[in-house]
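Below: one structure, written as structure tokens.
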Amino acid sequence: MRTNWIYPATAILLSVAVWQFSVWAFAVPAYLLPPPLAVAQRLVEDFTFLSYHSWITTLETLGGFLLSVIIGIPLGILLVWSRTLERAIMPLLVVSQAFPKVAVAPLIIIWFGLGLFPKILIAFSVAFFPIVVSTIAGMRSVDADLNDLARSMQASSLKTFLKIRLPFAMPQIFSGLKVAIAFATVGAVVGEWVGAESGLGYLLLSANANLDTALLFAVLVALMVIGLVLYYAVELAERLMIPWHISIRSDELRASS
Amino acid sequence: MTTDANLVSSVRTEADIQIAGVTQRFGSLLALDTVDLRISAGEFVSVLGPSGCGKSTLMRAVAGLVPPTAGTIHIGADLVRKPHPDVGIVFQKATLLPWRNVRDNITLQLEMRNLPAARFEKRLRQLITLTGLEGFESALPHQLSGGMQQRVALCRALIHDPKIMLMDEPFGALDAMTRETMNLELQRVWLESRKTVMFITHSISEAVFLSDRIVVMSKRPGKIATIIDVDLPRPRSFSMVGEPAFIEATIRIRECFDALGMTE
Ligand SMILES: Nc1ncnc2c1ncn2[C@@H]1O[C@H](COP(=O)(O)OP(=O)(O)OP(=O)(O)O)[C@@H](O)[C@H]1O
Ligand SMILES: [Mg+2]
């Protein structure tokens, strides 16, 4: 994995070069497609300004994500623990996921105003479902023999949960977290589109209104950086918390390649 | 030899298994039909039978994991209703925790039972030596071969020094060579400690090699078809497969299988 960065880096550099060349060769007007150099210039000139709005969007994303973790993981555990609860709550969850949450965003803005909190709520509403689902899947993935083994050791259910079931669920929970962090960014930007005074989503809308395409692209780059940084932060947490799983995975990769 | 001392002490504590009239139903399926069996303290008994005849079900009942529909099971003087403290279990899969190294997988048994690790330190080292796991104490399960993983599972089942061992096809997933080695090792471990063992297997030669008695079960409903004594001196070796007693036991099991219409 680590040695493979050369390929994507080359691909990106190449496409940027093609982009720069075609803008120049076909004389594309800047309001349609600015050359990459113009975008880069904009990124440098407006660095503090872009950083401020990026920071707002990052806060909203992180807020929504953390809220999803705090609510989603215990909820998933609870639903595995009690069949009755699962029967009562799971259908509601599925229904809540079946319609586009973007549609509720205006309502949330009306209720909670233009600040950070409504965006955190919207980010939460899209991010928490994958966490619940992956927690449930993870808790269920515990081998039946292992459950029997734990019972034969006369362990309390709390001990079995802490020492066996939860660690076993961690790899799956983390794959849910990786999806959730990406979803949370989308939620935050959508929230900002609907009504905001700051943040990258807000900036996108105003750049769009002014046909300031270079700024638009600069915002996209900022969003990409945020997405990457957050994703790798989750992966770093995974490495620190379940190193055993990473080593098994890389051993398997090595064996199959 | 300490072996004799251990033998005497375990006989005195009477950790036998008494299975009386055990019936197990799963809905309309009759998995076990009035099974009666007594395994004496310090005895090694194998259970042979076709797939689905209820071997695992019987073992899970003895382990106190699934209460039987009817009948009783006693370990010593205790009626089994829930898992008994004096039992160690080994399954076909090693069921090790992938994030714990060899040593910590073995001591999981102690942690779960709230037993002080320090008191079992010496025993832990003995078991590791006995099963040839020295030098692998801090290896993670995925770095071990299947045979090694099963050795760890064996140590984990033995660390709290239970009087009873329940083993459900523990070597079923291993290749033939490793399996023979493991059989030899299990015999050595057993000779040192003389646990009461209920050993489930599909392999006739494995059963004959290891057992004092072999219980043959028939399918649907699961019943004891016959019980065969194996009169071979111990320690046994695989060169004994040619001896009359070994051949006789094997033939009797095969005849029983044929009579039951099983082709194993
Ligand atoms: N929890 C359960 N619920 C329903 N049926 C079960 C359950 N456990 C076992 N059975 C059924 O009981 C029968 C006996 O199963 P068991 O696992 O004891 O067989 P076995 O002799 O161990 O087979 P194998 O050699 O394949 O391991 C099978 O028909 C099985 O499908
Ligand atoms: Mg079985």
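Note that these values count all heavy atoms, side chains included, but never hydrogens, waters or copies made by symmetry. Numbers restart at 1 for each chain; the letters A, B, ... are given by sequence-line order, proteins then strands.
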- [ ] Let me know if B:Asn114 has heavy atoms under 4.5 Å from chain A in its side chain, its backbone, both or neither.
- [x] both
- [ ] Sort B:Pro85 into side chain, backbone, both or neither according to what part of it lies under 4.5 angstrom from a heavy atom of chain A.
- [x] both
Open item on the list: Rounded at 0.5 Å granularity, tell me how far OG in A:Ser152 sits from CZ in B:Arg60.
Closed with: 11.0 Å
Open item on the list: Determine whether a donor-acceptor pair (N or O, by modelled atom type, separation under 3.5 Å) exists between the side chain of A:Gln154 and the backbone of B:Met112.
Closed with: no
- [ ] For A:Arg151 and B:Pro83, indicate whether the former's side chain and the latter's backbone hold a donor-acceptor pair under 3.5 Å.
- [x] no
Task: Residue B:Trp190 excluded, over 12 heavy atoms near CH2 under 6.0 Å - done: yes
Open item on the list: Among residues at least two apart in sequence or on other chains, which ones pass side-chain contact (heavy atoms from CB on, under 4.5 Å) with A:Phe117?
Closed with: A:Phe112, A:Leu121
- [ ] Kindly compute the distance separating CG (B:Leu97) from CH2 (A:Trp244), expressed to the nearest 0.5 Å.
- [x] 9.0 Å
- [ ] Please indicate whether B:Phe26 has more than 12 foreign heavy atoms, meaning atoms of other residues, nucleotides or ligands, lying under 6.0 Å from its CZ.
- [x] yes
Open item on the list: I'd like to know whether CZ of B:Arg25 has more than 12 heavy-atom contacts from other residues, nucleotides or ligands below 6.0 angstrom.
Closed with: no
Task: Atom CE of A:Met90 with >12 non-hydrogen neighbours under 6.0 angstrom - done: yes
Task: Residues B:Phe91, A:Leu146; criterion side chain to side chain contact (heavy atoms under 4.5 Å, CB included); working and verdict - done: CA-CA 9 Å; B:Phe91 296 100; A:Leu146 208 50; over 6 Å; no
Task: Which portion of A:Ile242 sits near chain B, non-hydrogen atoms under 4.5 angstrom - done: neither
- [ ] Sorted by first residue and then second, give each side-chain hydrogen bond (donor to acceptor under 3.5 Å, both in side chains) pair with at least one member in residues 84-106 of chain B; sequence neighbours left out.
- [x] A:Asp143-B:Lys93, B:Asp78-B:His84, B:Asp86-B:Lys163, B:Thr95-B:Arg156, B:Arg100-B:Glu111, B:Arg103-B:Glu121
- [ ] May I have the step-by-step check of side chain to side chain contact (heavy atoms under 4.5 Å, CB included) for A:Met153 and B:Ile89, ending in yes or no?
- [x] CA-CA 9 Å; A:Met153 292 173 172; B:Ile89 301 188; over 6 Å; no
